[in-house]
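Take a look at the structure set out below.
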Amino acid sequence: MAKTPASKTPSAKRSGKAVDKLLPPDLIGADIGGESPQKAGPVPADAEISFSYAETQGEGGDTRQVAGDGIATLTTQQGIPVADDQNSLKQGARGPTLLEDSHFREKIFHFDHERIPERVVHARGYGAHGFFELTDSLSDVSRADIFQRVGERTPAFVRFSTVAGSKGSPDLARDVRGFAVKIYTQEGNWDLVGNNIPVFFIQDAIKFPDLIHSAKPEPDRDFPQAQTAHDNFWDFISLTPESFHMIMWTMSDRAIPRSLRTMEGFGVHTFRLLDAAGKSTFVKFHWKPKQGLQSVVWNEAVKINGADPDFHRRDLWDAINSGDFPEWELGVQLFDDAFADSFDFDVLDATKLIPEELVPIRIVGRLVLDRVVDNFFAETEQVAFCTQNVPPGIDFSNDPLLQGRNFSYLDTQIKRLGSPNFTHIPINAPKCPMAHFQQDGHMAMRNPKGRANYEPNSWGATQGGPRQDPVRGFTSFAEVADGPKQRVRSESFADHYSQARQFFVSQTPIEQKHIGDALVFELSKVERPDIRARTVSHLLHIDATLAATVAHGLGLALPDPAVAAREPITDLPPSDKLSIVKNGPASFKGRKLGILVTDGADAAIFKALIKAVDAEEAVYEVIAPKIAGVTLSDGTTVAAKHKIDGGPSVLFDAVAVLASAEGAALLSLDAAAKGFATDAFAHCKYIGISAEAKPLFAKAGIADDLDEACLPLADAGDAKTFIAACRALRYWPRELKVDLDAEKRTY
Ligand code: HDE
């Protein structure tokens, strides 16, 4: 039998010095860590290591690994202890593998069945646990139990997602983000399955398969992945004018959020709240991030996708594990039939929103995410949201998109999770008592006990099982519906451009520029000129300058305006709430500073920077030429979190470069270091620069361009000033100076 020399086997005792050998270099002998200490990081030196090779190998040990004292014995799924998990059963050391090896068969067969179908949309997602807390009672308008008692907390699970990409696609695709919330109320699960954009592409659910087919990779070639920048998507969009309001949102930086923590969530549709008497109030649901709104820029998103395709999930994981729990307020817009009748648009049309200026948002609760999942598959992958899951006191409107969704989700979960018993999976099971007569089926875990499995029955209180409850039970709004059976779209849905225009004029100049840039980029990937032109023909109804800019960027003659389904309703006033920049945070809290540092860099400034970052409740990570770290001017060693090419500036909200003269000379020779500087500059970031680091910026070709957002780091006081400046997040005037597309752009 081949032998593994004991000396080559990793040696890890469960505690004590030997553990050091397994630790990442940044924890060995470092005086200062390479990242903010409160961040989730590598295993601390005194941590229990739950495995031990050396103890179990024996002198001149063989390849078998036997569980040691206090460590669970490996078993089959049937609980049979396993003696050897390294070698299949063979007839002789070099002979054939034997079919009778049931442990091997079980292991391989199980592996073969590990995959379940990924979601047909929203395949890539990330979830976390938390709670919902009511802060303002809604008992005046809803009988829902969850809205009654201020201060009460209800467990919740949230899954964020992108829409078009596959499960393994990058986080920073330009896309809508799903914002699906499951609240485990005392009257059953409430699934508010929303997005980070308050409107949708289409008005009727029957168009959903077409929309998604067009956005996904094209069927003959199976590319592009996780992108809408291709012919099929824009072909469908340019033939579907109702989508243009949503297009304004998806071409804005809303579709490339900085973090899942810095985006809003919307229920999108109009729902109803019902009080005990059955009186209905219309409602739109909003999640407002306490972290403020923030996005990245497109060129940055493209690079983040390469540098860290898991950027969003890592950010959420790190924030929660470090105790910086993301939080959103639940806001409701409440309105009655009178408002609905007087509103310029149809409240049943999911391509329209109700401006907050018209119906202010009432904050009624908060959602806090305070626990990451124990297991991604068991929780995030298997969680099954269904729009039709609403407790008594919440009901649906006749929005044809919502009505269609209420069919789709149950069907999709049965297919995806393989059985109508997907509600038995712990993440999907309600946390309130349940009693019903649904039974059997694949993977049934808890069939009802007792004699009766039907009702009505006469088996009495103990044997007869549950009974319906007309008082507590779910009741629908007693709406009177009438009219001929027909396939039509209401005339009240016909204005496709007014709110698209309102969105555009509500943006700051930099946000408007980004919308123009995004449209030019997307359409530049479209090969058919007629599709490009048809798209621009709709933009002419939204904003003439935007249309001209896009046409110019594409080298296209301005087409005639598209034939509109109806005249615009009115020139709607700008709404500040629609801008990201106007709703950003007032601090650098929860943001990340990247500190590029070399040997011999000024220790006092470095320490002052860290102090200022801590005071701001932000985090930092150290980037150095070598992952082993650097030695500062006073001899302090600092561990690095990243080597320069592993920690490009796109991963940070702001950067500082602290170098010695020799260090800067070295950095000036390195492409990754120069890219660090030019990208930070191009992406309008705040940059702190020590005097010695300036040659790097000279070699990177931007020394002459440095502006007031490139701050000196000459002493500890500067460090504080720099971090205070970072609160502005970006210095947009830098980008507004450059505009390749827009000969005619005036915004
Ligand atoms: Fe979905 N959608 N959707 N959707 N949706 C799904 O359900 C569907 C729509 C949304 O994290 C699917 O479990 C139809 C609007 C989110 O698990 C599926 C229509 C909004 C998620 C489905 C829509 C959403 C989904 C695929 C047109 C925002 C991810 C996998 C009427 C308000 C939930 C699954 C998660 C997922 C159908 C339109 C949000 C196929 C038919 C509008 C956040 O059931």
Side-chain angles (χ1 to χ4, degrees), residues 116-129 156-167 175-183 189-216 240 242-243 245-246 249-250 254-255 260 263-271 283-287 312-313 316 348-353 373 376-390 396-418 422-423 425 427-428:
I116 61 170
E118 66 172 35
R119 288 164 172 81
V120 60
V121 280
H122 297 267
R124 182 166 179 83
Y126 211 62
H129 297 271
F157 186 80
V158 178
R159 183 176 180 273
F160 302 104
S161 49
T162 51
V163 179
S166 299
K167 196 168 166 287
D175 201 351
V176 185
R177 297 300 182 288
F179 194 125
V181 183
K182 189 181 282 292
I183 304 182
N189 291 350
W190 176 28
D191 291 352
L192 185 56
V193 197
N195 280 342
N196 74 329
I197 290 179
V199 290
F200 202 63
F201 293 102
I202 47 172
Q203 296 172 323
D204 190 313
I206 199 168
K207 296 311 297 167
F208 192 63
D210 300 297
L211 167 73
I212 299 304
H213 287 175
S214 81
K216 288 265 184 182
T240 310
E242 75 209 48
S243 66
H245 184 197
M246 178 78 164
W249 286 79
T250 57
R254 295 264 178 173
L260 303 169
M263 57 187 207
E264 291 178 293
F266 302 92
V268 175
H269 313 278
T270 297
F271 290 83
V283 59
K284 292 247 188 202
F285 295 107
H286 299 246
W287 297 109
H312 279 160
R313 52 178 63 188
L316 190 69
L348 304 184
D349 173 0
T351 67
K352 307 299 187 302
L353 51 77
V373 296
F376 178 84
F377 182 86
E379 295 153 73
T380 307
E381 196 57 17
Q382 292 202 116
V383 68
F385 295 94
C386 293
T387 49
Q388 72 277 14
N389 292 349
V390 292
F396 311 105
S397 70
N398 286 340
D399 174 346
L401 200 66
L402 176 59
Q403 300 270 324
R405 292 179 75 198
N406 288 347
F407 285 117
S408 174
Y409 287 69
L410 178 58
D411 181 39
T412 215
Q413 308 309 355
I414 294 172
K415 154 83 184 167
R416 196 169 68 81
L417 297 166
F422 68 85
T423 53
I425 299 171
I427 191 72
N428 295 322

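Each ligand, and each atom within it, is numbered from 1 in the order the structure gives.
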At less than 3.5 Å, what protein N or O atoms come close to the N or O atoms of ligand 1? Include the distances to 0.1 Å.
unit_1	atom_1	unit_2	atom_2	d
ligand 1	2 (N)	Tyr409	OH	2.8
ligand 1	3 (N)	Tyr409	OH	2.8
ligand 1	4 (N)	Arg405	NE	3.4
ligand 1	4 (N)	Arg405	NH2	3.3
ligand 1	4 (N)	Tyr409	OH	2.8
ligand 1	5 (N)	His122	NE2	3.4
ligand 1	5 (N)	Tyr409	OH	2.7
ligand 1	11 (O)	Arg159	NH1	2.7
ligand 1	13 (O)	Gln413	NE2	2.8
ligand 1	17 (O)	Arg119	NE	2.7
ligand 1	17 (O)	Arg119	NH2	3.2
ligand 1	17 (O)	Arg159	NH1	3.4
ligand 1	44 (O)	Ser408	OG	3.2

Can you sort out the partners of Asp399 under side-chain hydrogen bond (donor to acceptor under 3.5 Å, both in side chains), two or more places apart, ordered by chain and number?
His269
Under the salt bridge (Lys or Arg N to Asp or Glu O under 4.0 Å) definition, can you give me all pairs with a residue in residues 192-201, not counting sequence neighbours?
none
Relative to the ring of Phe271, is the ring of Phe396 parallel (under 30°), tilted (30 to 60°) or perpendicular (over 60°)?
tilted
According to side-chain hydrogen bond (donor to acceptor under 3.5 Å, both in side chains), who are the partners of Gln413, at least two apart in sequence or on a separate chain?
Arg416
With Lys207, which of Ile202, Thr240, Ile212, Leu401 fulfils side-chain contact (heavy atoms from CB on, under 4.5 Å)?
Ile202
Would you please classify the geometry between the Trp287 ring and the Phe179 ring as parallel, tilted or perpendicular, with 30° and 60° separating the classes?
parallel
